[in-house]
Colleague: 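This is the structure I want to talk about, given as structure tokens.
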Amino acid sequence: MKNPNAMYALSYGLFVLTAQEGAKDNGCIINTAAQVTTTPNRLTIAVNKSNFTHDMILRDGRFTLSVLSQRAPFSVFQHFGFSSGRDTDKFAGYQNAVRGENGLFYVTEGTNAYLSCRTESTLDLGTHTLFLADVLDGDVLSTDPSATYTYYQNHIKPKPQAKPAESGERWVCKVCGYVHEGPLPADFICPLCKHPASDFERM
């Protein structure tokens, strides 16, 4: 491992989770990762089963975490989102990524550390799967503080500029904070994180 201090970046934050299937590279942003042991270096992540990245990790066993810092631009969050689609290659043409020791991309833009991992075991948690993994490699890329979800909401995500709708209704996505003005259709899908109307609450 290039730099064991990379594990310290797991204390809190938002992470770009990278996986691969064949020639397709995918990724999404998660906020659940924790160090388990130091000898060997092991960590856990919890991934929503609705994310196709989840299925890729189950089949391939490899994943990489890029720890986003407070300098991460909103464009990184827009690009990766909080959900990954089945037919998406998030790294096709993406310039700010490098392949690590496990062969998967890690994000260099707005990242303070990365960790290349291999799954050792899994635990079914209903809507999520908990992956226990060995850390094969990792490095510290900057000393910038990690970005928490609260920091993302308050300092990175642009504030909505839309005028209030005539109905006066406003709905906020509980996953990514996107604000929808007006009545919320039952089949509405969040344009930012792709979560359904059931993940919105009225403001």
Colleague: Judged by atom type as modelled, is there a donor-acceptor pair below 3.5 Å linking the side chain of Ser66 to the main-chain atoms of Tyr114?
Modeller: no
Colleague: Give, for atom OG1 of Thr64 and atom CG of Leu115, the distance between the pair rounded to the nearest 0.5 Å.
Modeller: 8.5 Å
Colleague: side-chain hydrogen bond (donor to acceptor under 3.5 Å, both in side chains) between Ser83 and Asn51: does it pass, once the steps are laid out?
Modeller: CA-CA 6 Å; Ser83 184; Asn51 282 339; 2.9 Å; yes
Colleague: Does Thr53 offer a backbone N or O that forms a donor-acceptor pair with the side chain of Ser84 under 3.5 Å?
Modeller: yes
Colleague: To the nearest 0.5 Å, what is the distance between CG on Leu123 and OG1 on Thr129?
Modeller: 8.5 Å
Colleague: If you round to the nearest 0.5 Å, how far is CE of Met56 from CZ of Arg62?
Modeller: 10.5 Å
Colleague: Just to verify, what does Phe80 make a ring pair (Phe, Tyr, Trp, His ring centres under 6.0 Å) with, not counting sequence neighbours?
Modeller: Phe91, Tyr94
Colleague: Using ring pair (Phe, Tyr, Trp, His ring centres under 6.0 Å) as the criterion, list what pairs up with Phe188, not counting sequence neighbours.
Modeller: His180, Phe200
Colleague: Got a list of side-chain donor-acceptor pairs under 3.5 Å for residues 26-35, not counting sequence neighbours?
Modeller:
unit_1, atom_1, unit_2, atom_2, d
Asn26, ND2, Gly85, O, 3.0
Asn26, ND2, Thr88, O, 3.3

Colleague: Not counting sequence neighbours, which residues clear ring pair (Phe, Tyr, Trp, His ring centres under 6.0 Å) with Phe15? List them please.
Modeller: none
Colleague: I'd like to know if Leu17 and Leu43 are part of one continuous hydrophobic network [Ile/Leu/Val/Met/Phe/Trp/Tyr, side-chain heavy atoms within less than 4.5 Å].
Modeller: yes
Colleague: Membership question, hydrophobic clusters at under 4.5 Å side-chain separation (ILVMFWY): are Tyr149 and Tyr151 in the same one?
Modeller: yes
Colleague: Side chain to side chain contact (heavy atoms under 4.5 Å, CB included) between Asp55 and Glu21: does it pass, once the steps are laid out?
Modeller: CA-CA 9 Å; Asp55 299 343; Glu21 184 173 64; over 6 Å; no
Colleague: Do side-chain atoms of Tyr106 reach the backbone of Ala113 as a donor and acceptor pair under 3.5 angstrom?
Modeller: no
Colleague: Angle class for the Phe131/His54 ring planes (parallel below 30°, perpendicular above 60°, tilted otherwise)?
Modeller: perpendicular
Colleague: Return the CZ to NZ distance between Arg86 and Lys24, rounded to the nearest 0.5 Å.
Modeller: 8.5 Å
Colleague: So, taking the atom named CG in Leu136 and the one named SG in Cys117, what distance separates them when rounded to the nearest 0.5 Å?
Modeller: 7.0 Å
Colleague: With side-chain hydrogen bond (donor to acceptor under 3.5 Å, both in side chains) as the test, would you mind laying out the steps for Thr18 and Asp25 before giving the verdict?
Modeller: CA-CA 7 Å; Thr18 305; Asp25 294 283; over 6 Å; no
Colleague: Test your reading of the model: is there a side-chain donor-acceptor pair from Asp144 to the backbone of Gly110, 3.5 Å cut-off?
Modeller: no
Colleague: Find the distance between OG1 (Thr44) and CD (Glu120) and round it off to the nearest 0.5 Å.
Modeller: 13.5 Å
Colleague: So, the side chain of Asp137 versus the backbone of Asn102: is there a donor-acceptor pair under 3.5 Å, distance only?
Modeller: no
Colleague: Are Phe74 and Val107 joined in one hydrophobic group, where the rule is that I, L, V, M, F, W and Y side chains link up if heavy atoms are under 4.5 Å apart?
Modeller: yes
Colleague: Taking the side chain from Lys159 and the backbone from Asn154, do they hold a donor-acceptor pair closer than 3.5 Å?
Modeller: yes
Colleague: Tell me whether Val175 shares a hydrophobic cluster with Leu68, the cluster being built from Ile, Leu, Val, Met, Phe, Trp, Tyr side chains joined at under 4.5 Å.
Modeller: yes
Colleague: Applying ring pair (Phe, Tyr, Trp, His ring centres under 6.0 Å), name anything that partners His128, two or more places apart in sequence or on another chain.
Modeller: none
Colleague: Quick test of your reading: applying side-chain hydrogen bond (donor to acceptor under 3.5 Å, both in side chains), list the pairs with at least one residue in residues 186-195, sequence neighbours left out, ordered by first then second residue.
Modeller: His195-Asp199
Colleague: Is there a donor-acceptor pair closer than 3.5 Å between any side-chain N or O of Thr119 and the backbone N or O of Gly61?
Modeller: yes
